Amino acid sequence: MILYRNLTSDELCLELFRYFIRRQVVTKCWRRENDTWLIKDVPFIDDWTEADYQVLISCLKNTLSSGGFVYGAFDDKKLKGFVSVESALFGGEQRYLDLTSIHVSEDMRGFGIGKELFLSAKNWARQQGAAKLYISAHSSVESQAFYQKMGCVEAALYHQQHVQAEPFDCQLECAL
């Protein structure tokens, strides 16, 4: 049985991610060319190094210290998924809150964990007064299928910092 709960800054360390498998084998991704979205062959393996985990931990601690939301999914006391949402509204009348991460361990994908994490993020963002979640999302066809299933569409207003940081990401929003 999966247990969902808020994560604390004190527990955010490498040990927490010991049983988390980021690995994602990607073959096809969405790419925007001449204002048209196309699926392209872009094979690669997405995985995190220890240094990537250290950056992630720092970012998640910052999210918590600034009043944001970090929520985890545990199977047998092992972290198998997590989501984070920043606390600062942006985008003027769009009233976005930034969903900065949502990941499910490779061994637990397809069991509804991502959906539960996403719905928890939506609920938290709604309680903070947001109108929409903003997501700079992985462009793989699998990731995009998940976001479409969750009701996401192309963002009305692109967050340029995200575009510059991850130019191949799809900029999405989800109404709350």
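Model, not experiment: these values are computed from the prediction. Side-chain atoms are counted along with the backbone in the values below, which use heavy atoms only and exclude waters and symmetry mates.
Residues E142 and K28 are not paired through a salt bridge, judged by the lack of any N-O separation under 4.0 Å between the basic side chain and the carboxylate. Ionic pairing of D46 and R22 is present here: one or more N-O contacts between side-chain nitrogen and carboxylate oxygen are shorter than 4.0 angstrom. Salt-bridge annotation for R32 and E154: present, with a side-chain N of the basic residue lying under 4.0 Å from a carboxylate O of the acidic one.
No side-chain heavy atom of Y71 sits under 4.5 Å from any side-chain heavy atom of V85. A heavy-atom distance below 4.5 Å is found between the side chains of W48 and H103.
Side chains of Y134 and Q171: a donor on one and an acceptor on the other come within 3.5 Å.
Put simply, the side chain of S120 gets close to the backbone of E116: a donor and an acceptor are under 3.5 Å apart. Of the possible polar contacts, none joining the K78 side chain to the L16 backbone as a donor-acceptor pair under 3.5 Å is found. Without hydrogens or angle criteria, Q144 side chain to H138 main chain gives a donor-acceptor distance under 3.5 Å.
Around CD of E93, the count of heavy atoms belonging to other residues, nucleotides or ligands within 6.0 Å does not exceed 12.
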Evaluate the salt bridge (Lys or Arg N to Asp or Glu O under 4.0 Å) criterion for residues K61 and E11: first the C-alpha distance (whole Å), next the side-chain angles of each, then the deciding distance (0.1 Å), finally the verdict. CA-CA 10 Å; K61 284 184 176 200; E11 68 187 317; over 6 Å; no

Step by step, would you call I102 with F118 a side chain to side chain contact (heavy atoms under 4.5 Å, CB included)? CA-CA 7 Å; I102 182 167; F118 193 85; 3.9 Å; yes

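Residues L3 and V104 do not share a hydrophobic cluster, defined by chaining ILVMFWY side chains whose heavy atoms lie under 4.5 Å apart.
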